[in-house]
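Below is one structure, written out as structure tokens, with a few remarks after it.
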Amino acid sequence: MWYYLLIEVVLLSCYGMLGMAFMPEEARFDGENGEESKIVRFMLAPMLGAAVWLAASVFFGMLLPYNGFLFAALTLFSAGFIFVRRQRLFFVCDEAVWLFVLASVILSLLVMYGVMPHKIGSGVYFTRSAYDHVKTAIVHSISANGLPPLNPWLADGGKPLIIAYYFGWHAWAAQLAMLSFVSALDAEAVMTGFTALLSLLTVGAFCVKLTKRKISLLFLFLLSCPSSITNAQLQAILPKALHNFFSVPNEVYWAFLDNTLWSPQHEFSAAVVLIVLYLYTLLLKNRDKRQSLELALLLGLLAAAAFFTSVYAGIFALLLFVLMLIPIYLTDKSFRKDFNASFVFQLSAAAFALLLSAMFIRYMLRYYPESSPIAFGVTPYYMAVSGFAQIVKHWCYFYFFVLPCRLSLPYILGIAAILLPNALPDDRLAKLGKYFALLLIAVIFVVHSTFYSNDFGWRTPTAAFRICSIFAAALSGRLWLAGFVRTEFFRPFAA
């Protein structure tokens, strides 16, 4: 475990420096408080660096052999880029921030431990969350054969088959297996824990950005720990007379830790989408052409990273974000003015994302399913609903019972923060976050996957659920500072 902790620390440092080098100059001056802006950039940097590295390595890995020589070339370029922009590197000496980082590292190790096999007596056991980690075979296939991955389970008369999957995260995890002395399964476990760490730091950065108070970091961590409520737990709490009236499906939607354990690729993609949302707000208000071009290229790179790691949490979510902008453009004069001023750079970002994703899109379309992967209808999970009365009843059940049980307090408090007046800052980032979260959460009631598991409904709103976590932490911190007594333990967070 100490070896894996060392890997996490090294990766966090390297991706952090790369992220600082790629951090847009506009982010330095975003916000009234210089110290707050520095904390935000410091916490965003590792996720930004990891996304840039993943997008570049997958793009070139589709063109060139995916091996140590490619990684060495990318490492040399990254080191040179960091050296050229070394004046952008910095360090934050803040007690609250480092307490949050330390707590997040411990939590990430627990996530990592939940994926790894455990030897008990003469047997080897896995936790239930390891179900989806049979895809470690994809990690092994990539580490052995390169990109795109071969199907590790099926072959046509002994002839290898290409597997159709958004393999970006698994290609990233395979790099650890290829460059260190760990197996594909251990590499996947380590990168699952590391993804949890990156996601927490990203969400934490936006908590500080919105609230300008570090107390929100404490509440974010506490809100990230609860697990989803299962039907067995629910029935243990409720009287038997209510069991037939209140039940919750176990295989739908997951709280942060459960979702990261189950499918880290979607959490990675959702965190990248949040950074795209933030950088988009910077692009809207920027009027310097050179800086706007740099922002546009970075947005395209990040959009490609989100796509490579998850079709649902990445590209579907971003497409819905674009659709969301249409009514905002028609009704908000200030937004329309900024949108028109930066339209060319927005097109540049989209074109660059398409260029980077061209081979990946070709690969996905080559193995496109015979029927459409999504359909419309009120089927959030395995059950069709018809008739207006049934639809209203199911809507109430879904949003006021299923999601609160499965997503816990971050969803409840996050929705409350969205709906309550003056609960959140009145700035563009908060407004776009609110609209985006509400749209994603609304869409999953009427759009679903056509195959046996509702991946569209479960994965597409991942960014919305993380936005709810941000808003929930912001609201909790505000309520705490307004009416509760601070103890000595909380003093570092009170600033």
Side-chain angles (χ1 to χ4, degrees), residues 47-48 50-59 61-62 111 129 131-136 138-139 142 147-149 163-174 188 191-192 194-196 198-199 202-203 252-254 256 258-277 299-322 353-354 356-357 359-361 363-365 367-369 373-374 436-437 439-441 443-444 447-451 453-467:
M47 185 75 243
L48 178 60
V52 167
W53 174 272
L54 184 148
S57 60
V58 171
F59 171 74
M62 296 281 284
V111 171
S129 60
Y131 170 84
D132 216 40
H133 289 279
V134 294
K135 295 192 185 82
T136 188
I138 300 177
V139 176
I142 294 172
L147 297 178
I163 188 171
Y165 192 69
Y166 36 89
F167 56 75
W169 186 92
H170 299 83
W172 182 53
E188 174 149 339
M191 299 312 279
T192 299
F194 187 59
T195 298
L198 292 179
S199 182
T202 302
V203 175
V252 297
Y253 307 97
W254 296 267
F256 170 72
D258 296 310
N259 199 47
T260 308
L261 273 167
W262 192 267
S263 298
Q265 65 270 29
H266 300 295
E267 280 294 339
F268 185 99
S269 185
V272 175
V273 168
L274 293 183
I275 298 179
V276 168
L277 175 63
L299 278 169
L301 194 62
L302 294 178
F307 182 25
F308 294 160
T309 49
S310 174
V311 170
Y312 296 103
I315 200 63
F316 276 145
L318 288 175
L319 288 174
L320 288 169
F321 176 75
V322 172
L354 286 173
L356 293 174
S357 307
M359 290 193 66
F360 191 78
I361 294 172
Y363 152 80
M364 294 291 286
L365 291 178
Y367 303 99
Y368 194 79
I374 62 172
F436 190 37
L439 175 63
L440 291 180
I441 294 172
V443 162
I444 59 176
V447 184
H448 59 93
S449 299
T450 54
F451 37 86
S453 61
N454 184 16
D455 275 356
F456 180 93
W458 299 343
R459 310 304 182 189
T460 303
T462 305
F465 299 151
R466 297 295 79 79
I467 291 172

Sequence neighbours left out, what passes side-chain hydrogen bond (donor to acceptor under 3.5 Å, both in side chains) with Ser310? Give chain and number order. His266
Taking side-chain contact (heavy atoms from CB on, under 4.5 Å) as the definition, give me every residue that meets it alongside Ala464, ordered by chain and number, with sequence neighbours left out. Ala437, Leu440, Ile441, Pro461
Mind checking the CH2-OG1 spacing from Trp254 to Thr462? Nearest 0.5 Å is all I need. 9.5 Å
Of all heavy-atom pairs between Leu356 and Gly300, which one has the smallest distance, and what is that distance? CD1-O, 4.1 Å
Those residues that, when tested against Arg459, pass side-chain hydrogen bond (donor to acceptor under 3.5 Å, both in side chains) (two or more places apart): Asn259, Ser263
State, yes or no, whether a side-chain contact exists between Thr192 and Trp169 at a heavy-atom distance under 4.5 Å. yes
Sequence neighbours excluded, the answer for ring pair (Phe, Tyr, Trp, His ring centres under 6.0 Å) partners of Phe59 is none
Does a donor on one side chain sit under 3.5 Å from an acceptor on the other, for Gln265 and Tyr312? no
From CZ (Phe268) to CE (Met191), nearest 0.5 Å: 8.0 Å
Please report whether the ring centroid of Phe308 lies less than 6.0 Å from that of Trp172. no
Considering only residues two or more places apart or on different chains, which pairs with a residue in residues 301-316 satisfy salt bridge (Lys or Arg N to Asp or Glu O under 4.0 Å)? none
If you look at every heavy atom in Val203 and Leu274, which pair is closest and at what distance? CG2-CD1, 4.2 Å
Closest heavy-atom pair, Leu301 versus Val52, reported as atoms and distance to 0.1 Å, is CD2-CG1, 3.6 Å
Does Ala306 have any side-chain contact (heavy atoms from CB on, under 4.5 Å) partners at least two apart in sequence or in another chain, and if so, which? Ser269, Val272, Val273, Leu318
Could you work out, with side-chain contact (heavy atoms from CB on, under 4.5 Å) as the rule, every residue matching Leu354, not counting sequence neighbours? Ile361
What heavy-atom pair brings Glu188 and Ala173 nearest, and what distance separates the two atoms? CA-CB, 4.5 Å
Do Val111 and Phe194 have side-chain heavy atoms sitting under 4.5 Å apart? no
Residues passing the ring pair (Phe, Tyr, Trp, His ring centres under 6.0 Å) test with Phe321, sequence neighbours excluded, are Tyr280, Phe436
Report yes if the side chains of Ile163 and Ile138 come closer than 4.5 Å at any heavy-atom pair, otherwise no. yes
Could you name each residue pair satisfying side chain to side chain donor-acceptor pair (under 3.5 Å) that touches residues 50-59, not counting sequence neighbours? Trp53-Gln175, Ser57-Gln175
For the student: nearest non-hydrogen atoms of Thr260 and Ala196, plus distance: CG2-CB, 3.6 Å
Would you name the heavy atoms of Thr309 and Gly168 that are closest together and state the gap between them? CG2-C, 4.0 Å
Under the salt bridge (Lys or Arg N to Asp or Glu O under 4.0 Å) rule, collect the residues that match up with Glu267, sequence neighbours excluded. Arg466
side-chain hydrogen bond (donor to acceptor under 3.5 Å, both in side chains) partners of Tyr166, counting only residues at least two apart: none
With sequence neighbours excluded, tell me which residues meet ring pair (Phe, Tyr, Trp, His ring centres under 6.0 Å) with Phe167. Phe360, Tyr363
Check: Ser199 side chain, Thr195 main-chain N or O, donor-acceptor pair, under 3.5 Å: no
At what distance, to the nearest 0.5 angstrom, does CG of Leu48 lie from OG1 of Thr202? 9.0 Å
